[in-house]
Colleague: 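Before we start, here is the structure in question, set down as structure tokens.
These numbers come from a predicted model, not from an experiment.
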Amino acid sequence: MKIVALTDETKKDLLDKLLKRSPSNYTEYEDTVYEIVHNVRQRQDEAVFEYTLKFDKFALNAGNIKVTREEIDEAYAKLDNALVEVIKKAAENIRAFHMKQLRNSWFDIKENGTILGMKITPIAKAGVYVPGGKAAYPSSVLMNVIPAKAAGVGEIIVTTPPGADGKVNPGTLVAADIAGANVIYKAGGAQAIAAMAFGTQSIPKVDKIAGPGNIFVALAKKAVYGYVSIDSIAGPSEILVLADESANPRYVAADLLSQAEHDEMASAILITTSKSLAEQVSAEVDAFTSELSRKEIIGKSLENYGYILIAETMEDALDAVNEIASEHLEILTANPFEIMTKVRNAGAIFMGEYSSEPLGDYFAGPNHILPTNGTAKFFSPVSVDDFIKKTSIISYSREALEKVHEDIEAFAESEGLTAHANSIKVRFEEE
């Protein structure tokens, strides 16, 4: 891995390079995606079936688009029983964590005759997109469906591409079943996003779409935003490890590689105050990479977006951490909890040498669908809040309104909105 001194210039260069990975920069695919979305909106099932045959090589139709109970049972039979139990344990942890996020409606009743409040309502229908092929991750199914279920969403549908044989990844089916999805459809890519956004004869329109996908899925979510809500437009995976001389270089190297193996666009960054640690981690990365199954992907990821930055002070290191605003942040220092209090921007924070990033990916309970590409400065992990909506409640008695009606009228008239003012004034015109 590249070892460089952390300076204002190297930090700026790194940020510029990382931001280029944003899906918003891949404009060359937008016309293709918009054509697919428009076609599905106009021709509905017919277009979905055509695109599935073209891209997934399967003859989809109204009779086979929905996954049957028999197919789900077959998926259970294909998976090792021990893995099914692990998925169930992970689901329990994820469900318990997200149940703690539930909110209640609230009302503030005053003696002066005013009632103000907030009504919390789950969205009616949610759609969860699940990639297929090598990118089929049952853990992401749990992370999307379970928060929606915890929020009280009435209907949760899953769309995922079939193989050429019409089968769906068994791990996806088992995870969706355990998480509580209501129905699973065999549709993938931008066409599946469009189908959930606008509805077809087979796939119902939803209120919100969540779930990861390739660049075409990401751009399709961007294209339908406003017709439906979306969770985010996710970029490539990333990890940042903040470490001092107390860190175990072998652990640091292993954790960096846990994200570099996702794809060639993934980033893995170490920021440390120790030159000795930096050199040891670099050597350990080389040793690990030569043994790992995805070493070609790891090699390209590290070549493009792998950095070891040596900071003069921990304050300088923290400044860089907050500027990068990484999806995953590991703190491997002598005092991780103290350091954590100074972190403003990160998708998820892992503290201590036994809290490596895959713990969050699979099992601990907090959501692993996190803001990427610096968006942790203003976005949050997927949560129950993503599947609820809030409605303001306002009730004034005549007596309460009488005390303030002239103030409201004056404010409205100052903006030139005389009808607004009149709406208040008519209630007291006899005076």
Colleague: Please check: side-chain N/O of Asp386 versus main-chain N/O of Ser383, any donor-acceptor pairing under 3.5 Å?
Modeller: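 Checking the backbone N and O of Ser383 against the side chain of Asp386, a donor-acceptor pair under 3.5 Å is found.
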Colleague: Is it true that Lys12 and Asp8 have a side-chain N and a carboxylate O under 4.0 angstrom from each other?
Modeller: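 So Lys12 does not pair with Asp8 through a salt bridge.
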Colleague: Give me each pair satisfying ring pair (Phe, Tyr, Trp, His ring centres under 6.0 Å) with a member in residues 280-310, each pair once, sequence neighbours excluded.
Modeller: none
Colleague: Judged by atom type as modelled, is there a donor-acceptor pair below 3.5 Å linking the side chain of Ser326 to the main-chain atoms of Leu329?
Modeller: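 Not at all, since once roles are kept as given, no pair shorter than 3.5 Å links the two residues.
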Colleague: Is it the case that the side chain of Ser301 and the backbone of Ala266 share a donor-acceptor pair, with hydrogens and angles ignored and the cut-off at 3.5 Å?
Modeller: yes
Colleague: What heavy-atom pair brings Arg41 and Gln44 nearest, and what distance separates the two atoms?
Modeller: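 Heavy atoms only, the tightest pair is O-CG, 4.0 Å.
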Colleague: What salt bridge (Lys or Arg N to Asp or Glu O under 4.0 Å) pairs are there with at least one residue in residues 238-257, not counting sequence neighbours?
Modeller: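 Pairs touching residues 238-257 that pass the test: Arg21-Glu238, Arg250-Glu284.
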Colleague: Listing request: all side-chain hydrogen bond (donor to acceptor under 3.5 Å, both in side chains) pairs with a residue in residues 144-163, at least two apart in sequence or in separate chains.
Modeller: none
Colleague: Identify, with sequence neighbours excluded, every residue that meets ring-ring contact (aromatic ring centres under 6.0 Å, His included) alongside His262.
Modeller: none
Colleague: Tell me whether Lys17 is salt-bridged to Asp13, with the criterion being a basic N under 4.0 Å from an acidic carboxylate O.
Modeller: no
Colleague: So, taking the atom named CG in Leu219 and the one named CG in Asn214, what distance separates them when rounded to the nearest 0.5 Å?
Modeller: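 Answer rounded to 0.5 Å: 9.0 Å.
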Colleague: Considering only NZ, NE, NH1 and NH2 on the basic side and carboxylate oxygens on the acidic side, decide whether Asp207 and Lys389 come within less than 4.0 Å.
Modeller: no
Colleague: Indicate the atoms forming the closest heavy-atom contact of Ala278 with Thr272, along with that distance.
Modeller: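 Closest approach of Ala278 to Thr272, heavy atoms only: CB-CG2, 4.1 Å.
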Colleague: Under the ring-ring contact (aromatic ring centres under 6.0 Å, His included) rule, collect the residues that match up with Phe55, sequence neighbours excluded.
Modeller: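 Checked Phe55 against ring-ring contact (aromatic ring centres under 6.0 Å, His included); matches are Tyr51.
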Colleague: Do you know which two heavy atoms are closest between Thr114 and Ala400, and how far apart they sit?
Modeller: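 Scanning both residues completely, I find the closest heavy atoms to be CG2-CB, 3.6 Å.
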Colleague: Is there side-chain contact between Pro122 and Phe387, with heavy atoms separated by less than 4.5 Å?
Modeller: no
Colleague: Would you be so kind as to tabulate the donor-acceptor pairs closer than 3.5 Å made by side chains of residues 308-319, with sequence neighbours excluded?
Modeller:
residue	atom	partner	partner atom	Å
Thr313	OG1	Glu315	N	3.4
Thr313	OG1	Asp316	N	3.1
Thr313	OG1	Asp316	OD2	3.3

Colleague: So does Lys295 pair up with Glu261, basic N to acidic O under 4.0 Å?
Modeller: no
Colleague: Might you point out which heavy atoms bring Ala5 and Thr10 nearest each other, and give the distance in Å?
Modeller: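 Closest approach of Ala5 to Thr10, heavy atoms only: O-OG1, 2.9 Å.
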Colleague: Quick one: does Ser282's side chain have a donor or acceptor within less than 3.5 Å of a partner on Glu279's backbone?
Modeller: no
Colleague: Might you work through the side-chain contact (heavy atoms from CB on, under 4.5 Å) test for Val343 and Ile331, ending with a clear yes or no?
Modeller: CA-CA 10 Å; Val343 174; Ile331 303 177; 4.2 Å; yes
Colleague: Is the number of heavy atoms from other residues, nucleotides or ligands under 6.0 Å of Lys205 NZ greater than 12?
Modeller: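 Yes.
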Colleague: Nearest heavy-atom pair of Asn93 and Ala364: which atoms, and what distance?
Modeller: CB-O, 3.7 Å
Colleague: Is Ile324 close to Leu14 at the side-chain level, that is, under 4.5 Å between some pair of heavy atoms?
Modeller: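 Sidechains of Ile324 and Leu14: in contact.
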Colleague: Can you tell me how far the CE atom of Met1 sits from the CG atom of Leu257, to the nearest 0.5 Å?
Modeller: 7.5 Å
Colleague: What distance do Leu417 atom CG and Phe411 atom CZ have between them, rounded to the nearest 0.5 Å?
Modeller: 10.5 Å
Colleague: Apply side-chain hydrogen bond (donor to acceptor under 3.5 Å, both in side chains) to Ser395 and list each qualifying residue two or more places apart in sequence or on a separate chain.
Modeller: none
Colleague: Any carboxylate oxygen within less than 4.0 angstrom of a Lys/Arg side-chain nitrogen, looking at Lys300 and Glu303?
Modeller: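 The answer is no: the pair does not qualify as a salt bridge.
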Colleague: Which pairs with one or both residues in residues 214-238 pass ring pair (Phe, Tyr, Trp, His ring centres under 6.0 Å), sequence neighbours excluded?
Modeller: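 Pairs touching residues 214-238 that pass the test: Tyr29-Phe216, Phe198-Tyr227.
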Colleague: Listed by chain and number, what are the side chain to side chain contact (heavy atoms under 4.5 Å, CB included) partners of Lys377, not counting sequence neighbours?
Modeller: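 Result, side chain to side chain contact (heavy atoms under 4.5 Å, CB included) vs Lys377: Glu323, Ala325, Asn345.
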Colleague: Applying ring pair (Phe, Tyr, Trp, His ring centres under 6.0 Å) as the test, list every pair that has at least one member in residues 345-370; sequence neighbours left out.
Modeller: none
Colleague: Sequence neighbours left out, cut at 3.5 Å: what donor-acceptor pairs do the side chains of residues 179-194 make with other protein atoms?
Modeller:
residue	atom	partner	partner atom	Å
Asn182	OD1	Ile156	N	2.7
Tyr185	OH	Ser202	O	3.4
Lys186	NZ	Glu71	OE2	2.7
Lys186	NZ	Gly166	O	3.0
Gln191	NE2	Gly188	O	2.8

Colleague: Do the side chains of Lys167 and Asp165 get nearer than 4.5 Å, heavy atoms only?
Modeller: yes
Colleague: Is a side-chain N or O of Ser290 found less than 3.5 angstrom from the main chain of Ala287, in a donor-acceptor match?
Modeller: yes
Colleague: Report, as yes or no, whether the 6.0 Å neighbourhood of atom NE2 on His405 holds more than 12 heavy atoms from other residues, nucleotides or ligands.
Modeller: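 It does: His405 NE2 has more than 12 such atoms within range.
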Colleague: Under the 3.5 angstrom rule, does the side chain of Lys2 hit a backbone N or O of Gly306 as a donor-acceptor pair?
Modeller: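 Side chain of Lys2 to backbone of Gly306: a pair is present.
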Colleague: Is the backbone of Thr172 close enough, under 3.5 Å, to the side chain of Asn169 for a donor and an acceptor to pair up by distance?
Modeller: yes
Colleague: Does Lys275, at its NZ atom, have more than 12 non-hydrogen atoms belonging to other residues, nucleotides or ligands within less than 6.0 Å?
Modeller: no
Colleague: Is it the case that Glu327 and Thr372 place a side-chain donor and acceptor less than 3.5 Å from each other?
Modeller: no
Colleague: Mark yes when over 12 heavy atoms from residues, nucleotides or ligands other than Lys78 sit less than 6.0 Å from its NZ; otherwise mark no.
Modeller: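 Count over threshold, so yes.
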Colleague: Could you tell me whether a side-chain N or O of Glu330 sits under 3.5 Å from a main-chain N or O of Glu357, the two making a donor and an acceptor?
Modeller: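 Such a contact is found between Glu330 side chain and Glu357 backbone.
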Colleague: Checking the side chain of Gln101 only, and the main-chain atoms of Val384 only, is there a donor and an acceptor separated by less than 3.5 Å?
Modeller: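 Side chain of Gln101 to backbone of Val384: a pair is present.
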Colleague: Cut-off 3.5 Å, side chains only: do Thr121 and Lys119 have a donor facing an acceptor?
Modeller: yes
Colleague: Are Ile120 and Met118 close enough, and set up right, to give a side-chain contact (heavy atoms from CB on, under 4.5 Å), and what steps lead you there?
Modeller: CA-CA 6 Å; Ile120 306 296; Met118 188 71 70; 4.1 Å; yes
Colleague: Is there a side-chain contact between Thr52 and Pro162, using heavy atoms and a 4.5 Å cut-off?
Modeller: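 Yes. Closest side-chain heavy atoms under 4.5 Å.
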Colleague: Write down the atom of Ala195, the atom of Ile203, and the distance for their closest heavy-atom approach.
Modeller: CB-CD1, 3.9 Å
Colleague: Do the non-hydrogen side-chain atoms of Val145 and Leu142 ever get within less than 4.5 Å of each other?
Modeller: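 Side-chain contact under 4.5 Å: no.
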Colleague: I'd like to know if Lys208 pairs up with Asp231 as an ion pair, taking the criterion as any Lys NZ or Arg NE/NH1/NH2 lying under 4.0 Å from an Asp or Glu carboxylate oxygen.
Modeller: no
Colleague: Counting C-beta onward and ignoring hydrogens, is there a side-chain heavy-atom pair between Ser356 and Pro358 closer than 4.5 Å?
Modeller: yes
Colleague: Would you mind listing every ring pair (Phe, Tyr, Trp, His ring centres under 6.0 Å) that reaches into residues 94-121, with sequence neighbours excluded?
Modeller: none
Colleague: Going through the distances and angles, do Ile178 and Tyr76 end up as a side-chain contact (heavy atoms from CB on, under 4.5 Å)?
Modeller: CA-CA 11 Å; Ile178 290 171; Tyr76 274 98; 3.4 Å; yes
Colleague: Any donor-acceptor pair under 3.5 Å linking the side chain of Arg344 with the backbone of Asn322?
Modeller: no
Colleague: Could you tell me whether Lys390 atom NZ has more than 12 heavy atoms of other residues or ligands within 6.0 Å of it?
Modeller: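 Counting neighbours around NZ of Lys390, more than 12 heavy atoms of other residues, nucleotides or ligands fall under 6.0 Å, so yes.
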